[in-house]
Amino acid sequence: MWDRIREKLQILADAAKYDVSCSSSGSNRKNDSNTIGNTGSGICHTYTADGRCVSLLKILLTNYCIYDCLFCVSRRSNDVKRAAFTVDEVVELTMEFYRRNYIEGLFLSSGIFKNPDYTMERLVTIAKRLRTEEKFNGYIHIKTIPGASENLLYEAGKYADRMSINLEMPTDAGLQLFAPEKSHEEVKRDLGIVKDKIVELKSERQLIKSVPKFVPAGQSTQMVIGASAETDKDIMYTADSYYKGFDLKRVYYSGYIPISYDNRLPVIGVQPPLLRENRLYQTDWLMRFYDFDIKEILDDKHPNLDLEIDPKLSWALRNPHLFPVDINTADYKMIMRVPGIGIKSAMKIVAARKYGKLRIDQIKKMGVAYNRARHFIVCADSHFAGLDKQPEIIRKHILDESQSKFRLLHTKQLTLF
Ligand code: SF4
């Protein structure tokens, strides 16, 4: 029996690796004497060679699917080996792996077999059994099956820490091209139902402590990048509207890995756009934590991110009129917008300058990447050289500097062998 399960595991874990939305942060499910596991500590993430997260037991219930999304390895027209776990098998596997300390939680997705409700019902049963029968208190992330009934979404939310549903393509046009059986309207409906319930139960919990938690780690979504012709502007404007409209915890950007010979898609062998993926995550970070409006970074004149430099530097070079920033007087929000200064350094600067004017050596100790920041700031003992330089010269200077740093590291590495 275990041989068969091992074979299924190989097929269904491999099919699940294309989904990158498995971050487990943001949930705090405390242990008590009757339960096993604890999401509050020790959840670690590991990554496969191609950068996919495999920290949790990350599997599909099945890779059979009635849909035929062109970009998906589980699409019904794809000639791949199929398998399906039973509910018992997933429960047993999760508990076995958990007891052996292999995993801290479960990331459960599925192809759609028969219909959305039939599939979703099984995902919910697994989560329910883990929580109520096995007293499993680890992390559970359930992928919502698009089109599943409202009741099943409510039920799933009682047992899952996080729920997510994939947008798949950043625009309706892209989705129509590659997955005409799906729609963003359906995704919005499902996200909306869960979001409303989270809000409703959260306010009830403020009055009555015994109201159960509902999707405590919130919702997320994922988009495939580089399969269709969307610009970075299209992608990030979509992300922005979903963050705002559905209070999402995360949007994941998954560089398309060619798996199909269809000539509408990048051919097999083309590398996934990992650098672009990284720039999108940096932009996402600027929106969520650095108070940037997406319009400041991407617009019709700049529909794509600069792959050579990070989006904050790119924004600063396009706005020389906002610099120099005086470290000793500027407000916190402007300081953290300076390339080379992060949130923590900006906080330290604002706290420390109460006691006297800050100098270069002091801000360096606060974690500021001065080589980069010096083009955009003044402090007590610096003179500002940036204004008389063209942004292109600063850009070249920073690029030369980072490339020579890379060359230095590379040379050192080579000398080891
Ligand atoms: S519905 Fe999901 S599993 Fe099925 S083909 Fe589309 S993306 Fe793949």
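Just so it is clear, the model here is predicted, and its values are computed rather than measured. Each ligand, and each atom within it, is numbered from 1 in the order the structure gives.
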With a cut-off of under 6.0 Å to the ring centre and 45° to the axis, is R337 in cation-pi contact with F292? yes
Checking a contact table here: which protein heavy atom is nearest atom 2 (Fe) of ligand 1, and how many Å away? K182 NZ, 3.6 Å
Test F71 against Y256 for ring-ring contact (aromatic ring centres under 6.0 Å, His included), laying out the working first. CA-CA 8 Å; F71 50 84; Y256 174 68; 7.5 Å; no
Note: ligand 1 atoms sitting under 4.0 Å from heavy atoms of E168 are 7 (S)
Atoms in ligand 1 flagged as close to G111, the criterion being non-hydrogen separation under 4.0 Å: 3 (S)
Give the minimum heavy-atom separation between L358 and M366, together with the two atoms involved. CD2-CE, 4.0 Å
For atom 4 (Fe) of ligand 1, decide whether C65 has an N, O or S atom at a distance under 2.8 Å. yes
Any heavy atom of R76 sitting closer than 4.0 Å to ligand 1? no
Taking N, O or S atoms only and a limit of 2.8 Å, check whether C69 reaches atom 6 (Fe) of ligand 1. yes
When you look at K182 and Y67, which way does the side chain to side chain contact (heavy atoms under 4.5 Å, CB included) test go after all the steps? CA-CA 9 Å; K182 288 185 154 183; Y67 285 7; 4.0 Å; yes
Please list, in number order, the atoms of ligand 1 under 4.0 Å from a heavy atom of C72. 3 (S), 5 (S), 7 (S), 8 (Fe)
Assess the side chains of Y243 and D284: does a donor N or O sit below 3.5 Å from an acceptor N or O? yes
Side-chain donor-acceptor pair present, Y281, E277, cut-off under 3.5 Å: no
